[in-house]
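Data block below; observations after.
Every value quoted in this text rests on a predicted model; they were computed, and no experiment measured them. Chain identifiers are assigned alphabetically (A, B, ...) following the order of the sequence lines, protein sequences preceding nucleic acid strands; residue numbering begins at 1 within each chain.
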Number of protein chains: 2
Amino acid sequence: MNTLELIKKNLDTFSKSERKVAEAILASPQTAIHSSIANLAKIAEVSEPTVNRFCRRLDTKGFPDFKLHLAQSLANGTPYVNRNVNEDDGPEAYTSKIFESTMACLNAAKNGLDVNLINRAVDVLTQANKISFFGLGASSSVAHDALNKFFRFNIPVSCFDDVVMQRMSCINCTEGDVIVLISHTGRTKPLVEVAQLARENDAFVIALTAANSPLAEQSNLVLSLGVPEDTDIYMPMSSRIAQLVLIDVLTTGFTLRRGAKFRDNLKRVKAGIKDSRFEKTED
Amino acid sequence: MNTLELIKKNLDTFSKSERKVAEAILASPQTAIHSSIANLAKIAEVSEPTVNRFCRRLDTKGFPDFKLHLAQSLANGTPYVNRNVNEDDGPEAYTSKIFESTMACLNAAKNGLDVNLINRAVDVLTQANKISFFGLGASSSVAHDALNKFFRFNIPVSCFDDVVMQRMSCINCTEGDVIVLISHTGRTKPLVEVAQLARENDAFVIALTAANSPLAEQSNLVLSLGVPEDTDIYMPMSSRIAQLVLIDVLTTGFTLRRGAKFRDNLKRVKAGIKDSRFEKTED
DNA sequence: ACTAGAAATGAAATAAAACTACAAAAAAAT
DNA sequence: ATTTTTTTGTAGTTTTATTTCATTTCTAGT
């Protein structure tokens, strides 16, 4: 956990003098990591051993070790500011907050991911006869994005953000078809029904959704992103970014699995769209 | 710059003994930051002053300061591993790499952003009669995403990923209309022409694209993301994520500018889609 | 209100770590 | 081959961190 946040949280468990140390550090973490123990003690108006004890109370080996931890948490992009946007935030504030909370979110998603499941998903995708990406609402743009990526592999792939089309597509499914369903909550009724329909027609259903959701239960393989819901206050933001990065991961896994021959294919697609571009001038 | 990468880059500028130190650190950075200078000297099989000199050569004040820098760069998500995926990476490796390079990319984008321009863009958007989002290829999903967000504000907003529709839409533009063009490279010919057309019809053109590109030159306001191109090897990945986060930022700015009344609107939209969901069971 | 006990704090001493000066060794240049 | 320069390590010095222990400050029970 972030050292700075840890200090903040435990503020009231410290003794009077230790609290002084905590406040001195919170007031200027940058100063703290560049000070000697003597210097920090002077700033906090306590003795050196007090600083040392303070460090140990935070489960570090001593002052230098504490500085290391603190330095790391400072580097971790996300400062200890509250990540949620306030009404009175200016452009500078909300821009940083959104970028930082997105990064924090990706980090959480990364740590919560099951690599074995990803590997299995890549397995399934590489062996698919046909791949379809379905999403509704905010997730439809994620599905589109996936289409755009897999399209380049020159394999049968489609994408629908319309329930009727999704259902029709499922009815025509056969074994070997893979359906990728994208939903943040996993509680969108029509999509759960689509999953059911797809499975009845022997398709393999991969869901990018919340664990233990109705959609997850209807799927053959669930890739869940442990993204805290409260980051998306008014609309899906960070969670959807995490889904997109997950798509990137699957695409990459797919590319690697297919080997070198396939990568040439990608280069050809890139070369193909080159004509419609302005060349970069050498300067 | 990342300390570990710095060491790697300068490997050949070091002397024989200093190189030993560098290699010892690269071999196990975690050990390095938890060692004393004496310990590290022993591991690298050199003397203590050599380690000290090594640290100074890397523009740090000394060994403790060096450790701080190193600790920070280790914390920075992106470990010193080459961020680009290798052929022989396993699922674990490429998953981490993609998440980490995306985070690094967002961080770079954040730092390279001009807050004043964002503020102006929000200004323009809030005062628009009509907003259109245009993107082609990979950028079309970004445009869709933007549509999905702005749609919730209950204002006239559209999105086209088809050149013909985009041109038609531009011809009908009037003053007060805002066109948001999305393109990673800013070199997609049709989109540059669309920008031209839009301006001829008195629309205000905002471009989410590379600085100094043909598209940027045709736009009234450019929001450029200083994302290194080499992160997107085979297809747009990180750069497109950065664009999406930028859309999130604009949306947030928009919401805040419009004030509390508008946020009720968002709640209503959320409530409206509630019926189509499975309720979360309390457990 | 007073006092025994516990907890917190800091002064001083000790230990550890980092740094400096200088000399020896190695490498490069003449 | 010899001088010069660069590199490296030894030993000593300084700085920094930690431990010990005495003092102070709380806390709670009478």
Side-chain angles (χ1 to χ4, degrees), chain A residues 3 6-74, chain B residues 3 6-74:
Chain A
T3 306
L6 194 72
I7 295 174
K8 250 190 165 176
K9 211 187 75 185
N10 294 34
L11 256 186
D12 38 314
T13 72
F14 298 132
S15 69
K16 203 166 61 182
S17 294
E18 281 171 1
R19 198 198 179 93
K20 280 190 200 168
V21 179
E23 274 160 7
I25 292 166
L26 290 173
S28 176
Q30 285 298 336
T31 309
I33 60 170
H34 291 112
S35 296
S36 68
I37 193 168
N39 202 256
L40 184 58
K42 211 171 115 192
I43 293 169
E45 296 180 307
V46 296
S47 70
E48 298 181 26
T50 301
V51 177
N52 196 276
R53 278 189 287 262
F54 169 84
C55 296
R56 288 219 231 275
R57 201 171 294 278
L58 271 85
D59 282 318
T60 62
K61 274 189 72 184
F63 184 67
D65 189 43
F66 168 78
K67 282 208 290 191
L68 241 53
H69 281 256
L70 184 57
Q72 292 202 323
S73 80
L74 288 176
Chain B
T3 306
L6 195 71
I7 295 174
K8 251 191 165 174
K9 211 187 77 185
N10 294 33
L11 256 187
D12 38 313
T13 71
F14 298 133
S15 70
K16 204 165 59 181
S17 295
E18 281 172 1
R19 197 195 179 95
K20 280 190 200 169
V21 179
E23 273 159 9
I25 292 166
L26 290 173
S28 177
Q30 285 298 335
T31 310
I33 60 169
H34 291 112
S35 297
S36 67
I37 194 168
N39 203 256
L40 184 58
K42 212 171 113 192
I43 292 170
E45 296 181 305
V46 297
S47 68
E48 297 180 28
T50 301
V51 176
N52 194 276
R53 278 189 289 261
F54 169 86
C55 296
R56 289 220 230 274
R57 202 171 295 277
L58 271 84
D59 282 320
T60 62
K61 273 189 73 184
F63 184 68
D65 188 41
F66 168 78
K67 282 208 289 189
L68 241 53
H69 280 258
L70 184 56
Q72 293 202 323
S73 81
L74 288 177

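- Shown here are the side-chain hydrogen bond (donor to acceptor under 3.5 Å, both in side chains) partners of A:D65, two or more places apart in sequence or in another chain: there are none.
- In this structure, B:F14 atom CZ and C:dA27 atom C1' are separated by 20 Å, rounded to whole Å.
- The CZ-C1' distance, from B:F63 to D:dA17, rounds to 15 Å in whole Å.
- Going from atom NE2 of B:H34 over to atom P of C:dA16 covers 20 Å, rounded to whole Å.
- Partners of B:S15 according to the side-chain hydrogen bond (donor to acceptor under 3.5 Å, both in side chains) rule, which considers only residues two or more places apart in sequence or in another chain, do not exist here.
- Every residue two or more places apart in sequence or in another chain that forms a side-chain hydrogen bond (donor to acceptor under 3.5 Å, both in side chains) with A:N39 is listed here: A:S35.
- Put simply, A:N52 has a side-chain N or O that comes within less than 4.0 Å of OP1 or OP2 on D:dT18.
- In terms of the ring pair (Phe, Tyr, Trp, His ring centres under 6.0 Å) criterion, residue partners of B:F54 (sequence neighbours excluded) are, by chain and number, B:F14, B:F66.
- B:I37 has its CD1 atom 8 Å from the C1' atom of C:dC19, to the nearest Å.
- Within the structure, salt bridge (charged side-chain N to carboxylate O under 4.0 Å, His left out) pairs that include any residue of residues 18-28 of chain A comprise A:E18-A:R57, A:R19-A:E23 (at least two apart or interchain).
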Let me have a per-nucleotide readout for nucleotides 6-13 of chain C, 5' to 3', with B, S or -, counting only protein heavy atoms under 4.0 Å. --SBBB--

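- With B:T60 contributing its side chain and B:C55 its backbone, the two residues share a donor-acceptor pair below 3.5 Å.
- Distance, A:L68 CG to D:dA17 P: 12 Å, rounded to whole Å.
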